[in-house]
Amino acid sequence: MTDVRAGSAVELAEGRTQLEFDDNQLLASLYGERDQHLDRVERQLGVSMVTRGNRVVISGPPSATEAARLALSRLYDRLKQGQDIDPPIVEAALRLAQAEIADRSLSLWQEDAAFRTRKRRITARTPGQATYIKALRDHELVFSLGPAGTGKTYLAVAAAVDLLMTGQVERIILSRPAVEAGERLGFLPGDLRDKVDPYLRPLFDALGDMLPPEQLARRLGTGEIEVAPIAFMRGRTLSRAFVILDEAQNTTPIQMKMFLTRLGEGSRMVVTGDPTQVDLPPGIRSGLAEALETLASVEGIGIVRFTDRDVVRHGFVARIVRAYEARERAAHAGEP
């Protein structure tokens, strides 16, 4: 698999490839300060790289050199489009390149594997995220499942902002079950926004990454962006809206059915959750688990399942997730 957008790629011998770049001014950013980006590629793929002017010679196992070549080509292409790269972006390029080498039917670094918002272009950083972005584009109802740090909520908000900016929806509605407050929000001080802020803060944080503060405040004021706990969805029909239900594992079956049946004409709905992190009282089944079983045979629904390999937060998060999963597997294995 040769990507010539970087200028030219030449096979020197088995397991040895040369890349030549046509814009020397971009090479400092591509290589990173003190070649930190190249060092990351070498460490992760087990290759060695030597730079000679505007050329990079990559040596190592054939599949690894091919992945390194593809990743560097994609990163260089990103720089030519005026976008920055940093260590997380380099890590993402490596993950996607390795996935494409392993399955040559994949094409993960595409324009449709990204969302555009007012502040940034948000791209997939793992094969799972690329699958999720495609599902968000192709389906009116998407379930996104997996551990913390996989981008379930963040990418859903990015999709919502993208569609709002392009006029494909007229409003964004963000909801989350306020389990800790028992949804008895009337006893809390302030207006509805003040009451639900603690439970919807992750959604606000994502919006703040994608919209300028004054625009976010204005859209919240006009109702183009609405936040509300799930209890306030009853009796409504949500048309021409992008609706996100976050932390859906903490809904009851009745709440989940009520929420899903709010979907109106011209709307999109995304339901995110981690089935292993249910905070409901003992004896109450998760509405998310029941919905997945009930809707398994319904056509047109997108279901994306993330794993620890899709965690894009600090590296320790993926290790923490794996440790807990191993503990749970051991506990289940010991059950009679």
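All heavy atoms count here, side chains included; hydrogens, waters and symmetry mates do not. Quick caveat, the model's predicted, so the values are computed rather than measured.
- Residues passing the salt bridge (charged side-chain N to carboxylate O under 4.0 Å, His left out) test with Arg219 are Glu224, sequence neighbours excluded.
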task: Please step through side-chain contact (heavy atoms from CB on, under 4.5 Å) for the pair Val57 and Arg52, ending with a clear verdict.
output: CA-CA 8 Å; Val57 176; Arg52 299 169 180 167; 4.0 Å; yes

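- Remark: Thr51 pairs with Tyr31, Leu38, Val56 by the side chain to side chain contact (heavy atoms under 4.5 Å, CB included) rule, at least two apart or across chains.
- Contacts of Glu42 classified as side-chain hydrogen bond (donor to acceptor under 3.5 Å, both in side chains), with partners at least two apart in sequence or in another chain: none.
- Distance check, rounded to the nearest 0.5 Å: CG of Leu163 to CZ of Arg268 gives 6.0 Å.
- Taking the side chain to side chain contact (heavy atoms under 4.5 Å, CB included) definition, one finds that Ala160 meets it with Ile172, Phe242, Ile244, sequence neighbours left out.
- In this structure, the side chains of Arg69 and Thr65 stay at 4.5 Å or more apart for every pair of heavy atoms.
- In this structure Arg240 satisfies the side chain to side chain contact (heavy atoms under 4.5 Å, CB included) test together with Glu170, sequence neighbours excluded.
- Summarising the geometry of Leu288 relative to Pro275, their closest heavy-atom pair is CD2-CG, 4.3 Å, with the distance given to 0.1 Å.
- A 4.5 Å side-chain heavy-atom check between Leu94 and Val90 finds at least one atom pair inside the cut-off.
- Between Met258 and Thr251 there is no side-chain heavy-atom pair separated by less than 4.5 Å.
- One finds the CG atom of Leu96 at 8.5 Å from the CD atom of Gln129 (value rounded to the nearest 0.5 Å).
- Qualifying salt bridge (charged side-chain N to carboxylate O under 4.0 Å, His left out) partners for Arg305, counting only residues two or more places apart in sequence or in other chains: none.
- Gln249 places no side-chain N or O within 3.5 Å of a backbone atom of Gly273 that could act as its donor or acceptor partner.
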Stepwise side-chain contact (heavy atoms from CB on, under 4.5 Å) check, Asp205 with Asp209: CA-CA 7 Å; Asp205 290 344; Asp209 266 2; over 6 Å; no

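- For the pair Pro177 and Asp246, the tightest heavy-atom approach, listed with the atom from each and the gap, is CD-O, 3.1 Å.
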- request: Please assess Leu203 against Glu247 for the test side-chain contact (heavy atoms from CB on, under 4.5 Å), listing each intermediate value before the final yes or no.
  value: CA-CA 11 Å; Leu203 299 171; Glu247 297 290 341; over 6 Å; no

- request: Give the intermediate values and the outcome of side-chain contact (heavy atoms from CB on, under 4.5 Å) for residues Leu292 and Leu145.
  value: CA-CA 10 Å; Leu292 292 170; Leu145 317 168; 3.5 Å; yes

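- Taking OG1 from Thr222 and CG from Leu220, the interatomic distance works out to 8.0 Å, rounded to the nearest 0.5 Å.
- Taking both residues in full, the closest heavy atoms of Lys119 and Gly208 are given as NZ-O, 2.9 Å, listed atom of the first, atom of the second, then distance.
- Although no hydrogens or angles enter the test, the distance criterion places a donor-acceptor pair under 3.5 Å between the side chain of Asn250 and the main chain of Asp279.
- The shortest heavy-atom contact between Val311 and Arg95 is O-NH2, 3.0 Å.
- Contact annotation: the side chain of Ser73 approaches that of Leu19 to within less than 4.5 Å [non-hydrogen atoms, C-beta and beyond].
- Listed by chain and number, the residues in a salt bridge (charged side-chain N to carboxylate O under 4.0 Å, His left out) with Glu226 are Arg236 (sequence neighbours excluded).
- For Gln215 (side chain) and Pro212 (main-chain N/O), no donor-acceptor pair under 3.5 Å exists by modelled atom type.
- Not one N or O on the side chain of Thr17 forms a donor-acceptor pair closer than 3.5 Å with the backbone of Ile58.
- By the 4.5 Å heavy-atom criterion applied to side chains, Leu245 and Met233 are not counted as neighbours.
- Nearest heavy atom pair, residue Pro61 against residue Gly46, reads CD-O, 3.8 Å.
- The distance from atom CD of Gln98 to atom CG of Leu45, rounded to the nearest 0.5 Å, is 5.0 Å.
- Every residue two or more places apart in sequence or in another chain that forms a ring pair (Phe, Tyr, Trp, His ring centres under 6.0 Å) with Phe306 is listed here: Tyr132.
- By the 4.5 Å heavy-atom criterion applied to side chains, Ile303 and Ile301 are counted as neighbours.
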Verdict with supporting geometry, Asp310 and Thr150, side-chain hydrogen bond (donor to acceptor under 3.5 Å, both in side chains): CA-CA 5 Å; Asp310 295 299; Thr150 51; over 6 Å; no

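- Rounding to the nearest 0.5 Å places CZ of Arg34 at 10.5 Å from CG of Asp39.
- Within the structure, salt bridge (charged side-chain N to carboxylate O under 4.0 Å, His left out) pairs that include any residue of residues 138-147 comprise Lys134-Asp138 (at least two apart or interchain).
- The side-chain hydrogen bond (donor to acceptor under 3.5 Å, both in side chains) test applied to Ser267 returns no partner, not counting sequence neighbours.
- The salt bridge (charged side-chain N to carboxylate O under 4.0 Å, His left out) check on Arg40 picks up Glu91, with sequence neighbours excluded.
- Residue-environment remark: NZ (Lys257) stays at or below the threshold of 12 foreign heavy atoms within 6.0 Å.
- Taking Ser29 as the reference, Leu79 meet the side chain to side chain contact (heavy atoms under 4.5 Å, CB included) condition, with sequence neighbours excluded.
- Under the 4.5 Å side-chain contact rule for hydrophobic residues, Val298 and Val243 share a cluster.
- Under a 3.5 Å cut-off, the side chain of Ser144 and the backbone N or O of Val304 do not form any donor-acceptor pair.
- Distance check, rounded to the nearest 0.5 Å: CD of Glu290 to CE of Met256 gives 9.5 Å.
- For the residue pair Ser286 and Leu280, the shortest heavy atom distance occurs at CA-CD1, 3.7 Å.
- Looking at heavy atoms from C-beta onward, Val278 lies out of side-chain contact with Ile284 at the 4.5 angstrom threshold.
- With a 4.5 Å cut-off on side-chain heavy atoms, His37 and Ile85 count as touching.
- In this structure, the side chain of Asn54 does not engage the main chain of Glu20 through any donor-acceptor pair within 3.5 Å.
- The number of heavy-atom neighbours closer than 6.0 Å to CD of Glu214, taken from other residues, nucleotides and ligands shown, is above 12.
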